[in-house]
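Just below is one structure, and these are the notes that go with it.
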Amino acid sequence: MNAKRRPLIAGNWKMHHGGMSGIELAAGCVKISNHTPHVDLVIAPPYTALAAAAHGCDGSPVAIAAQNIHAKDSGAYTGEISASMLVEAGCKWVIVGHSERRQYYGENFQIVHDKTCAAIDSGLRPIVCVGETLEEREAGKTLEIVKREVVAVLPVLAKSTIPVAIAYEPVWAIGTGKNAQPSDAEEVHAAIRNWLAAASEEFAERTRILYGGSLKPENAESLLSCANVDGGLIGGASLDAKSFGAIATVAERLTAS
Ligand code: 13P
C-alpha cells in the first residue's frame with residue numbers, strides 16, 4: 001500500500017447470501033467499519049440482496065457494489081439490470097469484467113468496455129477486473145494479456161470524473177486457495193500503474209489497483225504490503241464477517257503504520 005491512496009477492501013459475494021443471511025453479513029460489515037476508519041469497505045451482494053444490504057448499510061461507511069451490469073439503460077432485455085436501476089437500489093460501485101463473466105458468459109473486450117461506459121455515465125464507480133489464466137502465465141504471457149485488458153478500458157477510465165478501480169485477479173488464483181506470490185502480484189500491479197500513467201500520471205497515482213485471488217487473513221499482510229497493491233477484491237473470505245473483518249483490520253493497521 002501507499003499512503004497516497006486509501007485502501008479499498010471489497011467483498012465479492014458471488015452467488016451467495018442472497019437473502020436474510022446477506023442482510024446479516026452486511027450488518028457484520030457495518031460493525032467492521034467501526035474499527036477500520038482509514039479503509040474504504042465495499043460489499044457486492046447478489047442482486048436479490050442489494051437493496052436490503054444498502055438499507056442496512058445506510059448511514060455507515062460501507063458502500064454497496066453490484067457484481068454485474070447491463071450496458072443499456074432500459075429496454076427488452078429479460079433478466080438484465082441497468083446502471084440506473086443499480087443506483088436506485090443503493091449501489092455506488094459495480095464489478096465489471098470479472099473473469100467468471102468473461103469465461104462463462106462470453107464477455108469480450110467490447111462488452112466489458114460498454115459496461116464500463118454505462119457504469120461511469122450513471123455515476124457508478126467501476127471495479128474492472130483483469131487477469132491471466134494458468135495457461136497464459138505458464139506461456140509467459142501474463143503482462144501481454146493483462147495489458148490488453150487494461151488498454152481496452154483505459155481511455156474510458158482515464159477520462160472518468162468519478163473514482164474507478166482495477167482488480168488484478170489471476171484466474172488460476174480465484175477460489176483455488178493458491179494466491180499469487182506477493183512479488184508476482186507486485187510486478188503486475190506496478191506494470192498496470194505504468195500503463196495507467198501513459199494516459200495520465202495523476203490518474204495513475206490516485207487510482208486504486210486491487211488484488212484478488214485467494215486473498216485471506218493469513219496472506220493479507222504480505223499481499224497488502226506491496227507498494228502497488230491498494231486493497232483487495234475478496235471472494236471466499238468475504239462470505240464471513242470474521243475473515244473479511246480480519247483482512248480489513250490488516251489494511252487498517254498497514255495504513256496506520
Ligand atoms: P476468491 O477470494 O474466492 O479466490 O475469489 C476472488 C474473486 O474472484 C473476487 O472477485
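Each ligand, and each atom within it, is numbered from 1 in the order the structure gives.
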- Ionic contact status for Asp40 with Lys92, cut-off 4.0 Å: no

Residue pairs passing the side-chain hydrogen bond (donor to acceptor under 3.5 Å, both in side chains) test with at least one member in residues 144-163, sequence neighbours excluded, are none

task = Group every Ile, Leu, Val, Met, Phe, Trp and Tyr by side-chain heavy-atom contacts under 4.5 Å, then state whether Ile95 and Ile192 land in the same group.
result = no

| Of all the heavy atoms in Lys14, does at least one lie under 4.0 Å from an atom in ligand 1? | yes

Worksheet item: Could Lys72 and Glu80 be called an ion pair, given the rule that one side-chain N must be under 4.0 Å from one carboxylate O?
Response: no

Run the contact test for Ala237 against ligand 1 with a 4.0 Å cut-off on heavy atoms, strictly below, and give the result.
-> no

for atom 3 (O) of ligand 1, nearest protein heavy atom and its distance come out as Gly236 N, 2.8 Å

So the atoms of ligand 1 within less than 4.0 Å of a heavy atom of Gly213 turn out to be 4 (O), 6 (C)

In this structure, atom 2 (O) of ligand 1 is nearest to the protein heavy atom Gly235 N, 2.9 Å

Within the 4.0 Å heavy-atom cut-off, what Ala167 brings close to ligand 1 is neither

Below 4.0 Å from any atom of ligand 1, is there a heavy atom belonging to Ala173?
-> yes

Test your reading of the structure: does Glu100 have an N or O sitting under 3.5 Å from an N or O of ligand 1? no

Residue pairs meeting ring pair (Phe, Tyr, Trp, His ring centres under 6.0 Å), one or both in residues 152-208, sequence neighbours left out, come to Tyr168-His189

* Looking just at side-chain N and O atoms, do His98 and Glu169 make a donor-acceptor pair shorter than 3.5 Å? -> yes

So, regarding Gly175 and ligand 1 (criterion: nitrogen or oxygen to nitrogen or oxygen, under 3.5 Å), is there a contact or not? yes

min-distance protein heavy atom vs atom 9 (C) of ligand 1 -> Glu169 OE2, 2.9 Å

Review point. Can a salt bridge be assigned to the pair Glu135 and Lys141 using a cut-off of 4.0 Å between side-chain N and carboxylate O?
Key: no

| task | Looking only at distances, please establish whether an N/O atom of ligand 1 is found under 3.5 Å from an N/O atom of Ile234. | result | no

Q) Just checking, any donor-acceptor pair under 3.5 angstrom between side chains of Glu136 and Thr133? A) yes

Exercise. Judging by distance only, is a nitrogen or oxygen of Asn12 under 3.5 angstrom from one on ligand 1?
Worked result: yes

